[in-house]
Amino acid sequence: MHLGTFVPYMALLTDLHSRIHRSLRISIVDKCDLRCTYCMPEDQQFLKRDALMTREEIRTLAKLFVEKYGINKIRLTGGEPLMRPDVVDIVRDMAALPVKLGLTTNAMRLHLFLDDLIGSGLKSLNISLDTFDAERFRTLSRREGHDRVLANIEQAIDRGLHVKLNMVVMRGVNDDELLRFVELTRERNVHVRFIEFMPFAGNKWGRDRVYTYAEMLGRISSMYTIEKLDDDPHSTARSYRVVERIGGDSMSWKGTFAVISTVTEPFCGSCDRLRLTAEGKMRNCLFARQETDLLSAMRKGEDVSPMIEANVLAKHKMLGGLPKFNPDKQEEVLDGLSGRPMVAIGG
Ligand code: SAM
Ligand code: SF4
């Protein structure tokens with residue numbers, strides 16, 4: 001079935017702010033083999049296995065979202081999705097649906113799955129990389145593995161996957177590496193995405209640690225002539241390409257970069273995303289404080305469709321009902337957060 005923009009027989013998931021939801025993030029496991037400081041507390045408790053959606057339950061829910069509600073984009077995430085032994089089967093199930101499919105990973109275990117993931121129909125990977133410095137990686141992720149991550153990223157690019165690299169830029173932590181990441185786009189066909197540091201439970205967020213969109217562009221523009229690229233209307237990222245290094249050689253840069261500015265310039269007005277946590281709870285926003293337990297209802301044999309529709313209708317206009325992240329009202333931001341760290345939501 002071809003899904004164009006006009007979908008006559010589907011009950012599209014439209015909220016009270018006229019946003020149509022066509023994109024679903026599915027967290028398939030909440031566990032992770034890293035402990036990134038910005039994502040989770042060191043002592044995070046993980047779900048027991050029987051609390052997780054099974055492969056079959058993921059497929060059933062995904063099919064419902066796609067076939068009944070016109071979802072045409074699915075991204076598998078976690079926790080770390082490659083911690084799940086049946087990840088390749090889940091990718092295969094999703095690839096059989098008429099959706100644009102992606103997976104977000106820290107690449108620690110990518111060498112174990114790369115062939116099978118490609119074989120099961122995956123074409124696009126988002127990989128997290130916050131630093132080129134091994135010691136810094138150890139501090140940030142509280143684990144070893146930097147070499148392996150770098151090697152696996154190379155492999156993924158060489159194998160022809162469409163790779164986006166996600167870097168969470170934090171002031172005083174890794175902002176000094178911004179231009180090195182931009183340089184990566186000179187020779188490699190890679191899309192680097194600079195993400196503003198977002199507040200979540202237990203991640204020691206502070207407004208002063210957010211290296212802002214404006215600061216990033218200012219720093220990059222001081223060294224490079226850049227051009228703005230067109231973005232998908234629902235994109236969370238604003239994309240650019242380097243035209244040339246100021247005073248340097250003129251050449252064609254193979255990759256691109258983008259900024260995701262959730263903190264200083266949120267993109268809620270065009271948001272088309274919904275989320276399922278690893279235990280089958282539906283969330284209509286990263287910052288939502290309410291969620292809908294689809295999995296428990298499904299396990300009792302209930303029809304979850306009305307629950308899905310109600311969840312979408314309850315979506316707040318902005319940031320899950322939080323006020324814009326005001327630097328002068330940091331306590332207000334922290335008080336408003338849901339209890340979930342990012343690792344338990346699924347980014
Ligand atoms: N484990 C996988 C990974 O690291 O790519 C997938 C899950 S991770 C939660 C998804 C994305 O969320 C990663 O790119 C990560 O950098 C990002 N992320 C986590 N915490 C964040 C925060 N506080 N602010 C901005 N991005 C964050
Ligand atoms: Fe794990 Fe990804 Fe969170 Fe890092 S960002 S702790 S790799 S889930």
Side-chain angles (χ1 to χ4, degrees), residues 25-47 75-84 87 102-110 113 117 124-131 136-146 148-149 152-153 156 163-171 173-175 177 181 191-207 209-213 216 236-237 258-264 266-267 273 275-278 283 286-287 319 322 325 333-334 337-338 340-347:
R25 306 278 157 108
I26 307 178
S27 172
I28 61 172
V29 64
D30 65 328
K31 266 196 299 197
C32 188
D33 41 4
L34 296 181
R35 294 286 180 281
C36 302
T37 53
Y38 53 75
C39 180
M40 68 157 128
E42 173 78 90
D43 60 353
Q44 176 69 16
Q45 301 297 306
F46 298 115
L47 294 167
R75 172 161 297 282
L76 299 176
T77 182
E80 173 46 46
L82 302 187
M83 295 285 284
R84 189 154 166 156
V87 60
L103 182 139
T104 304
T105 175
N106 61 26
M108 287 279 283
R109 292 160 61 85
L110 192 54
F113 293 103
L117 286 172
S124 159
L125 270 185
N126 285 10
I127 303 181
S128 297
L129 181 72
D130 303 311
T131 179
R136 199 173 265 180
F137 178 90
R138 208 171 287 129
T139 310
L140 262 176
S141 70
R142 296 183 279 214
R143 293 291 184 272
E144 302 291 332
H146 190 241
R148 197 166 356 121
V149 168
N152 285 347
I153 290 173
V163 173
K164 294 183 187 171
L165 286 186
N166 287 346
M167 175 199 194
V168 180
V169 189
M170 289 167 288
R171 188 186 313 286
V173 176
N174 61 351
D175 63 286
E177 294 189 64
F181 276 81
H191 186 66
V192 178
R193 306 197 312 165
F194 301 118
I195 310 178
E196 287 182 343
F197 178 30
M198 295 185 276
F200 293 102
N203 79 349
K204 301 196 172 68
W205 184 83
R207 185 61 173 77
R209 294 180 69 202
V210 179
Y211 198 77
T212 67
Y213 175 32
M216 294 185 212
T236 56
V259 182
I260 301 180
S261 57
T262 315
V263 176
T264 62
F267 30 77
R273 269 163 290 274
R275 295 185 142 77
L276 272 181
T277 68
R283 297 172 63 85
L286 253 184
F287 300 101
L319 297 172
L322 287 180
F325 300 123
V333 173
L334 297 175
L337 296 175
S338 79
R340 278 187 189 264
M342 178 63 134
V343 69
I345 298 173

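The basis for the numbers below is simple: all heavy atoms, side chains too, and nothing from hydrogens, waters or symmetry mates. In what follows, residues are counted from 1 in the order of the sequence shown. Every number for a ligand or one of its atoms is a count from 1 in the order of the listing. It should be emphasised that the depicted structure is a prediction, and the values quoted were computed from it without experimental measurement.
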Atom 24 (N) of ligand 1: which protein heavy atom is closest, and how many Å away? Met198 N, 2.9 Å

Distance only, no hydrogens: is a donor on one side chain within 3.5 Å (strictly under) of an acceptor on the other, for Thr104 and Arg75? yes

Heavy atom of the protein closest to atom 9 (C) of ligand 1 (residue, atom name, distance): Met342 CG, 3.5 Å

Nearest-contact summary for atom 7 (S) of ligand 2 - protein heavy atom, Å: Asn106 ND2, 3.3 Å

I need the atoms of ligand 1 closer than 4.0 Å to a non-hydrogen atom of Glu196, numbered in the order shown. 24 (N), 25 (C)

Near Thr105 (heavy-atom distance under 4.0 Å), the atoms of ligand 1 are 2 (C), 3 (C), 5 (O)

Separation between CZ (Arg273) and CG (Leu286), nearest 0.5 Å, reads 9.0 Å

Quick note on ligand 2: atoms under 4.0 Å from a heavy atom of Val343 include exactly 8 (S)

Nearest 0.5 Å, please: how far is CE in Met342 from OG1 in Thr77? 7.5 Å

Please check whether Thr77 reaches ligand 1 - meaning an N/O of the residue sits under 3.5 Å from an N/O of the ligand, judged on distance alone. no

Sub-4.0 Å atoms of ligand 1 with respect to non-hydrogen atoms of Phe200: 22 (C), 23 (N)

Measuring only between side-chain heavy atoms, which start at C-beta, is Val192 closer than 4.5 Å to Leu129? no

Is the closest heavy-atom distance from Met40 to ligand 1 below 4.0 Å? no

Short list, please: which atoms of ligand 1 are under 4.0 Å from a heavy atom of Asn166? 14 (O)

Sub-4.0 Å heavy-atom contact, Gly79 with ligand 2: yes

So, do Tyr38 and Phe200 have ring centers that fall under 6.0 Å from each other? no

Ignoring hydrogens and geometry, is there a side-chain-to-backbone donor-acceptor pair from Asn174 to Met170 under 3.5 Å? yes

How far is atom 27 (C) of ligand 1 from its nearest protein heavy atom, and which residue and atom is that? Val168 CG2, 3.8 Å

Roughly how far apart are Thr264 OG1 and Tyr213 OH, rounded to 0.5 Å? 8.5 Å

Heavy-atom contact check, 4.0 Å cutoff: does Thr104 meet ligand 1? yes

Do Arg142 and Glu42 touch side chain to side chain, with heavy atoms closer than 4.5 Å? yes

Number the atoms of ligand 2 from 1 as they appear, then name those within less than 4.0 Å of a heavy atom of Met40, with their elements. 6 (S)

Please list, in number order, the atoms of ligand 1 under 4.0 Å from a heavy atom of Ile195. 25 (C), 26 (N)

Could you tell me whether the side chain of Leu103 reaches within less than 4.5 Å of the side chain of Leu82, counting heavy atoms only? yes

Main-chain N/O of Lys204 paired with Arg209 side-chain donor or acceptor, under 3.5 Å: yes

Taking only heavy atoms of Asn203, which atoms of ligand 1 are found under 4.0 Å from at least one of them? 23 (N)

Between Tyr211 and Phe197, is any pair of side-chain heavy atoms under 4.5 Å apart? no

Taking N, O or S atoms only and a limit of 2.8 Å, check whether Cys36 reaches atom 4 (Fe) of ligand 2. yes

Side chain, backbone, both or neither: which part of Leu34 comes within less than 4.0 Å of ligand 1 when only heavy atoms are counted? neither

Ignoring angles and geometry beyond distance, decide whether Glu80 reaches within less than 3.5 Å of ligand 1 through its nitrogen or oxygen atoms. yes

Could you list which atoms of ligand 2 come closer than 4.0 Å to a heavy atom of Cys32? 1 (Fe), 6 (S), 7 (S), 8 (S)

Is Asp130 reaching over with its side chain to a backbone N or O of Arg136, donor-acceptor style, under 3.5 angstrom? no

In Å and rounded to the nearest 0.5 Å, what is the CZ to OG1 distance from Phe181 to Thr131? 6.5 Å

Closest to atom 1 (N) of ligand 1 (judged by heavy-atom distance), picking from Ala344, Pro199, Gly79, Gly78: Gly79

Under a 4.0 angstrom heavy-atom cut-off, which atoms of ligand 2 come close to Cys39? 3 (Fe), 5 (S), 6 (S), 8 (S)

List ligand 1 atoms under 4.0 Å from Phe197, heavy atoms only on the residue side. 23 (N), 24 (N)

Heavy-atom contacts under 4.0 Å between Trp205 and ligand 1: side chain, backbone, both, or neither? neither

Per side chain to side chain contact (heavy atoms under 4.5 Å, CB included), Glu80 is matched among Val343, Val87, Ile28, Asn106 by Asn106

re atom 13 (C) of ligand 1, the protein heavy-atom contact at minimum distance is Ser128 OG, 3.1 Å

Are Glu144 and Arg138 ion-paired here, with the side-chain N under 4.0 Å from a carboxylate O? yes

Among non-hydrogen protein atoms, atom 21 (C) of ligand 1 lies closest to Tyr38 CD1, 3.5 Å

